[in-house]
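Structure record follows, encoded as structure tokens.
In what follows, chains carry the letters A, B, and so on, assigned in the order in which the sequence lines appear, proteins first and then strands, with residues in each chain numbered from 1. Treat the numbers as computed from the prediction; the structure is a model and nothing was measured.
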Amino acid sequence: MEKKIILVVDDEEEIHELIKEYLARLNVEIYSAYDGGEAIKIYKELWEKGRKPDLVVMDLNLSESKHEKRKQLKEEQIDGVKTTQKLKRIDPNANVIGFTAYAHLEWGERLRKIGVKHVFGREIGFNGFAEKVSELLSLS
Amino acid sequence: MVKIHEEILDNLDEVVHLVDKNMKVLFVNKAIEKLSRGRVKKEEMTGKNLYEVFPFLKERGVDKEYESVFSKGKSLKTEEWTEYYGGKIYTITVKIPLKDKEGKIKQVLTIMRDFTETKKIEETLREVAEKYSAIVELVQEGICIDDKNEKMIFVNDAFAKILNYEKDYLIGKSLFDFVDDEGRKILIKQAKLRRQGKSSRYELKVYTKNGQIRDLLISAVPLLKNGKYIVSISVNLDITERKRAEEKIRILLERERKIKMEMAHYFFNPIAIAKGYMYLIMENLPRNEKENLEKAINAVDRIENVVKNMVTKGEIHE
């Protein structure tokens, strides 16, 4: 079975590392974006190559990225809601889920309002998150 | 005067008359008969001296006004009332100098509009307001009656108190005198509505005598007679304190929202990362060390619960 493609959008390096560790047992290929601009760029590139992401894991606060890639890109700093809106304009069928510290706050609600059905809080842990991803991609 | 012009002028509601330097009436239209309540006929007035027909005009200083128009060559607009055969007649008069080919002023054209009816309604309203002043003054809301030119013809104590002026000072003034450009735009829009016979409720910032800004919630209704706009009556509620309280609440809520956001960001992320790595480490640990790490994870879980309750419920407990 072909590997499912996941694009993780988060400004924290450790979150990317842990998601990769915990999803390693699933049949997935993971791409990392550290801010909204980079996420849109990678999504478009993958789609053009016929490898559109099956799932986009979106954080909300993307302002604190210290990753070198972000500095190089110098993209406009946009949050998870705006990034999702832009992605949906490019691809209305983009499959976005939220994984964020703000799931229970107004910001998380805004993500739901623009059509993101699943917004998970960080408290579900990475094991819990891996289970949700597995369910959503029908990998279990 | 050409016949057709005379017919047109005779059909106007306004009195139009023409006098020469000797104040001889060269022409007057039929409206003079209505203005004089039928006591002066057009034909009788034509050819006579104006002051001979209306002797009281001299007492009122109208002769000086005509002298000024003849000598200065500038139009003059006045608003006046006249005791005429026992009744008060209110008029707005414009005197226009007419020059001959050589530029000399030989005649003055006068146009008079009778606005007695409007004035009477205004006066009746003011009298009614004054008659019921005990009630009007009892209410805490500012009550104001504006004429069709947005001039205040009646205000109660509460209204004067809002603006911190004496009631007498406010009579003849307009709300336009107590607002900034933004307020002026609102008032222009509202005046338009009133002229269309529409009531409305709106907010307005006004400047008081000592330069303070007060927020008013104004409910205004127009009064019409035969479809014509006469006055507007407004109830003005000073909502300054309410607005300030609302603003304080808004600031506090915004502060609370920010604190919650920051707490979520600074606690949930590091906690999730810490637990994530702890579980990874646990996989390769011997049983006794695994138990110790589980206890550490439990402790972090407790912190996470406290933070979640603080962020979602504003309560501090596990």
So, A:F126 versus A:F99, ring centres under 6.0 angstrom or not?
yes
Using heavy-atom distances under 4.5 Å, tell me whether B:Y277 contacts chain A through its side chain, its backbone, both, or neither.
both
Examine whether an atom of A:Y22 lies under 4.5 Å from a heavy atom of chain B, and if so say whether it belongs to the side chain, the backbone or both; otherwise answer neither.
side chain
Could you tell me if the side chain of A:I40 sits less than 4.5 Å from the side chain of A:L87, heavy atoms only?
yes
Given heavy-atom pairs under 4.5 angstrom as the criterion, report whether the side chain, backbone, both or neither of B:I271 touches chain A.
neither
Looking at the rings of B:F178 and B:Y165, which for Trp means the six-membered one, are their centres under 6.0 Å apart?
yes
Could you tell me which of B:V307, B:N269, B:D301, B:T312 has the largest number of non-hydrogen atom pairs under 4.5 Å with chain A?
B:N269
Polar side-chain atom of A:N95 near backbone of A:D54 as donor-acceptor pair, under 3.5 Å
yes
Relative to chain B, which segment of A:E21 carries a heavy atom at a distance below 4.5 Å: side chain, backbone, both, or neither?
side chain
Would a distance-only check, ignoring hydrogens and angles, find a side-chain to backbone donor-acceptor pair under 3.5 Å from A:K88 to A:A94?
yes
